[in-house]
Structure formats: structure tokens, C-alpha cells
Amino acid sequence: MGKSAVLWFRKGLRLHDNLALLEACKDATHVYPVFIIDPHFVGPGKVGVNRYRFLLECLTDLDTSLKTKYNSRLIVLRGNPLDVMRSLLKDKQPFAVDKLCYEFDSEPYARSRDAEVTKIAKEGGVEVTVSPGHTLFDLDEILKKFKGTPPLSYGPFVKMVESIGPPQTDKDAPAAIPAPPAAVLGKVDESYSVPTLQEMGCEETPHNGVLRGGETVGLQRLHDVTRNEKWIATFEKPKTKPTDFNPASTTQMSPYMKFGCVSARKFYHHLLAIYKRHKGHSQPPVSLLGQLYWREFFYTVGYATNNYDRMAGNKICRQIAWVNNEEWIEAWQQGKTGYPWIDAAMRQLRREGWMHHLARHAVACFLTRGDLFCSWEVGAKTFDELLIDADWSINNGNWMWLSCSCFFYQFFRIYHPSTFAKKYDPTGAYVRRYVPELRHMPDKYVYEPWKAPKAVQEEAKCIIGQDYPEPIVDHAEASQECKDRMKAAYDEHKAIKRAPKSEMKPDPDDEEEDDEEGEEEDDDEDYSIYKPLDGTNKRSRKGKKASPKKKTKA
DNA sequence: CATGAGGACGCAT
DNA sequence: ATGCGTCCTCATG
């Protein structure tokens, strides 16, 4: 008698180089390709419409490929994965299986979910296999090399990664995938098909972006983008332009990497083949290969770090007394800060679910250490909702980077919120595209429209403060205050580090447990512009400024 | 386009 | 103690 295996798709939404799929096909008479729509990710503020649309496109593509090439289909189940798996693996509903195969996922939610599911499988007598493949290398293997603690610098990380040799060669899609039995295929009808956006609780909005989901378009993009080998070989990330659109100046492969539509290993070997033909190609960190290594880097650190997605209890994260001003946050999120370059980027994000890396830098710097001094966690959540390529490990890592909370510490280097983009796009075409209010503003004022004389504003049909907002902060003033605050936070950090245990830290080895909010003493009350505006925002999310002196353990 | 100051960071060795 | 760090800005030549 043959075996029935479930291939549980989560990320890794592809048929090529899918080790879990190959594992499922091994000795199986039937393979059930399954995806579970998890309500955990549904709802306001969770996953924005653009990423959901992208996901559904990925699922539709899988379903189509399975139908046309393999006489099979994708079975989409709905509900909490634990409930779904309980009924599948223990109650054998809607079908019975012997084996469960999936790809390893390093994110905390996935890890605890998968641990539970594994338990359920054991109880149901179902074998479980976990395959690597989302990253170039097995993260546990990398971690072992670093004795559990990966470096916080890229250089040493890459050095080690390169020393372990190239990742496994990518595998082709299987020649055949044994389909579920006809009886089951007949049983799983409409209610197991790919949902609509509406079912996901999203409004059916027009598709504004250029990036469609799926393995097929992902591979096509990889093919198209790598056809220009010279460009691939000489690619340097800092030299790409954040203001380019149609086409963007980068590969835009990130959403396909995030969902695993395209295998990282395939991308890697593709690049190396091109490098072989082009001597003098660019190098990490700026090269395209360097970008894959950055991904690997953040995945590794994210995997090894507790509370990686927040400041409290996060050992690698600087503790900084950010001040969340809700009005400013709202303005930033909606692209109404009064700084056209910042607003254009934020509107592109909301509209298309994508923006260039350096645009992400600019808006992140602006929200946190550059101008508004709001917490990077707010920014990370916003990106997590709106970006189609939002990737937990990379997103949180980059937010710590940009806010000078980890990885990068030169807080006096601040992106200018109006002139940074000028060198890329002197006439402001990008701004005009995403901030139509400024469409008729002369080049001279398009990045700083508040400086335009009234007559010019009238001529351009854009009165500042009426048709387009005044800047919510004065950059010169705000950035100086931010620098001062960062300096204070860093000094505090140094003081804590220098002063050893002596009565300020209860135990040198308590690390792990209850993150006792190192609430900074707030000696800097005279920072005018960051003071709370009557009740709309709290001083600091962790508020309680009660304790006057350094706490001792309760 | 290239260079240097600015104010002087931290991590890794 | 030293070297280095993907992706700053402004002023100079």
C-alpha cells in the first residue's frame, strides 16, 4: 500500500527547488498540496491589500501549475492552522495522510506553530519532515559556526558564510507529482479553492503596482532581469536610484524571495554563473550576491535573537526613549508630512506596496532618529502591513539599522528629507507622480514648496497649508534635537556598560527573564518639539516615569 | 566629480 | 589599540 503525504505550503510557494515537495513525493502514491489561510494574518493593520493580493496570485499560480502540469490541484484550507491540522492529522478530515512535509520557517510565530503541529502529528501517528530551503544555508548550521551568537557586522558574517562553500545546487521541479485520489479531488470542491480578496476581508481595490505574485512571473522576472548580464555583474546597490519608476532601478525580486516564489539557491547559482563570465564583477556588500547575503545575515540574526521585533527585552537593540507623537505618525503613514520626497515615498508604499531601498531609508530615518523621534517599532509595523515584500527578519533588522538601534550607529548621519532625492531626480518627476498636488510646482520648489512665494503657489494651484501641508517639523531644528537625544541615549548606554554590576543591575546573569524596561531617567525635559501635544500622544509608550532612581529588583 | 570636515559611533580582531 | 564600516550633508576645488 502506498503512502499519502501532505505538502504544506507556507512560504516556499514554488514547485522548483522545493525540497519539501521532493520529500513529499518520495515513496508517495498521493501528494496533497495544501495551503492554510490563517486568520492570524487577517484583519485591519495586519496584512495590507497589496500583499494579500500578491499572496493570492501566488496561490492561483501554484494551483494552475498543479492542474495543468501535474493533474493535481492546490487545496486551500481555512482556519487556525492548529485546528486545521488537528482535524487533518488526527481526525483524518477532509482526507487521511501518513506524512506531513514542510519547509523550515525561522520566524517566531511559525516556529511555535510548527512545534504544536508536530506534536499533533505525533499524536495522530503522522510522520513529519522539515526541509531547509528558504535561505541559502541551514540557519542552524550557520549559527553553530558562531556558537549561537552571530556577529552584528556584515563582514565577519560573509567571511564565515563563504568559508562553508556554495549552497546546494537548486533542483528542478519534479517530473511528476502523484495527485490526490480522484475520490478526494471530487470531494474537495469550491470551498477548498483559492479565496478572493473579499473573503480575506480586503476591499477589491485596483491593482496599482507592477509586481504580480507567483512562481511563474517570479521566474520570468529573474530571467528578464538577468538577461542583461553586464548590468547584473556590475550592480552596486548604493548606485541605484530611489526615484526611478517604470522601470525601477533594482531587480524587484524581493517579494518573490519573501514568499519563496523563486528559490534563493537558484538566484545564487544564476548569479555565480554570470559572474564567471564577467571578470571584475562587483562584490558584497553592494553586489547582487551581496544582497542575498544581507538577507541571509538578517535571517540569521533574527533567528538567534529573542524579541527581535521590539526594543524591550531585545539584547541587540539600543534602549532609546522614543516619543510616539500620534499626529506625526499619522501624517507620516499617510504621506502628509509636508516633505514631498518623504510623502511621495510613503504614498508609493501605500499605493503599490513597494518602494526603493533608499526611499525606505529616508522615510525610516525621518520617522525615527532624523526628525520625528518616534519608535522604529511603529515604522516596522507600518512596513509590515504595507510592503508586499515585508519580511519579518529583514524588516525589523533594517528598522533597527536605520534608527541606529543596532548594526549601525552613526546617528549624526541624517538623510535630508527634501534634498536627498534631488541628486537623483532634479525635476521631481517622482514627487509629481505620487504627490499630484505638486504636479505644477516649478522644479525649483518641488522639494520645498513652502519656500515658494504665494504667487508661485497660486500659479501652481497648490497653496501650502491648504492644498498640501506645511512641513510638520522644521528639519534643521528637529534633526538637531534628534541628534542631541541620540547622544544622550548613547551616553546613557555607555554609562550602564561602564558601571558594572554594582547595585544598578540586580544580576549579571538575569539576561533572559522579565525585561524590566530600562526606563531612562528623563532629564531632558526641555526638548520642546517632542513634548506631548495635549493627550493625543503619550510621552513614551512605557510611560511610568515613577521610579526616580535606578530600580533595584523587586 | 573628488575631497575633507563634521564630531568622534560601534564592532571585531 | 587599531581598522573598518553598503547606501549623509555641506563646503570646497
Side-chain angles (χ1 to χ4, degrees), chain A residues 145-147 149-163 234-244 248-251 254 281-298 300-301 304-305 315-320 339 341-342 345 355-366 368-371 394 397-426 447-448 474-498:
Chain A
K145 297 266 183 189
F146 290 116
K147 300 191 168 70
T149 311
L152 300 176
S153 307
Y154 179 80
F157 178 82
V158 168
K159 209 172 137 196
M160 194 287 300
V161 159
E162 299 215 304
S163 79
T234 58
F235 182 93
E236 292 184 42
K237 186 67 167 280
K239 292 193 178 159
T240 58
K241 294 169 66 174
T243 52
D244 279 10
S249 64
T250 53
T251 63
S254 53
H281 58 80
S282 53
Q283 295 287 336
V286 297
S287 63
L288 267 180
L289 175 58
Q291 307 315 302
L292 287 182
Y293 285 157
W294 278 112
R295 176 174 183 269
E296 205 77 359
F297 173 71
F298 286 124
T300 304
V301 179
T305 306
K315 271 198 261 185
I316 66 172
C317 183
R318 277 286 200 285
Q319 303 299 305
I320 296 169
Y339 284 95
W341 153 240
I342 300 296
M355 54 178 158
H356 184 277
H357 184 63
L358 290 178
R360 302 181 195 200
H361 276 214
V363 301
C365 182
F366 186 83
T368 59
R369 67 181 172 83
D371 291 88
I394 301 171
N398 273 313
W399 273 97
M400 282 189 270
W401 182 297
L402 261 301
S403 61
C404 287
S405 298
C406 190
F407 309 114
F408 174 80
Y409 309 91
Q410 289 177 289
F411 56 79
F412 41 85
R413 291 188 182 177
I414 293 174
Y415 289 88
H416 197 291
S418 53
T419 58
F420 174 73
K422 235 182 226 167
K423 62 176 176 278
Y424 301 104
D425 179 17
Y447 285 103
E448 298 181 320
D474 175 85
H475 174 66
E477 191 185 320
S479 60
Q480 188 53 54
E481 295 199 13
C482 281
K483 278 187 247 183
D484 293 346
R485 288 194 154 242
M486 291 300 288
K487 176 96 174 75
Y490 272 43
D491 285 348
E492 174 91 354
H493 174 81
K494 269 185 274 188
I496 290 171
K497 262 184 88 170
R498 208 173 306 115

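First the proteins, then the strands, lettered A, B, ... as listed; each starts at 1. All values derive from a computational prediction rather than experimental measurement.
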Protein N or O to nucleotides 11-13 of chain B N or O, pairs below 3.5 Å:
unit_1	atom_1	unit_2	atom_2	d
B:dC11	O3'	A:Ser153	OG	3.1
B:dA12	OP1	A:Leu152	N	2.5
B:dA12	OP1	A:Ser153	N	3.4

In whole Å, what is the span from the CZ atom of A:Phe412 to the C1' atom of B:dC9? 5 Å
Taking the inter-plane angle between the rings of A:Trp401 and A:Phe408 on a 0 to 90° scale, is it parallel (under 30°), tilted (30 to 60°) or perpendicular (over 60°)? parallel
Please name the pair of heavy atoms, one in A:Ile320 and one in A:Ser405, separated by the smallest distance, quoted to 0.1 Å. CD1-OG, 4.2 Å
Between atom CZ in A:Phe235 and atom C1' in C:dC7, what is the gap in whole Å? 11 Å
Dot-bracket encoding per residue of DNA chain C, Watson-Crick/G-U cut-off under 3.5 Å, | denoting interstrand: |||||..||||||
Output yes if the stacking criterion (under 5.5 Å between centres, under 30° between planes) is met for A:Tyr490 over the base of B:dC9, else no. no
Which residue, A:Arg413 or A:Lys494, contacts DNA chain B at a nucleotide closer to its 5' end, judged by nearest heavy atom? A:Arg413
Report the relative orientation of the aromatic rings in A:Phe420 and A:Tyr424; use parallel for angles under 30°, tilted for 30 to 60°, perpendicular for over 60°. perpendicular
Could you state the CZ-P distance from A:Phe297 to C:dC7, rounded to the nearest angstrom? 13 Å
Heavy atoms under 4.0 Å, any strand shown: does A:Gln291 hit a base, just sugar-phosphate, or nothing? base
Show, in sequence, the C-alpha distance, side-chain angles and deciding distance for A:Tyr339 and A:Phe366, and conclude whether the ring pair (Phe, Tyr, Trp, His ring centres under 6.0 Å) test is met. CA-CA 10 Å; A:Tyr339 284 95; A:Phe366 186 83; 5.5 Å; yes
Pair A:Asp244, A:His356: side-chain N/O donor-acceptor within cut-off below 3.5 Å: no
Could you check whether A:Phe407 and A:Phe297 have their ring centres less than 6.0 Å apart? yes
Euclidean distance, atom CZ of residue A:Arg295 to atom C1' of C:dT6 [Å, nearest integer]: 19 Å
Restricting both atoms to N or O, compile the protein contacts to nucleotides 9-13 of chain C shorter than 3.5 Å, with distance only.
unit_1	atom_1	unit_2	atom_2	d
C:dT9	OP1	A:His416	N	2.6
C:dT9	OP2	A:Lys423	NZ	3.4

Please give, in whole Å, the distance from C:dC8 C1' to A:Met486 CE? 15 Å
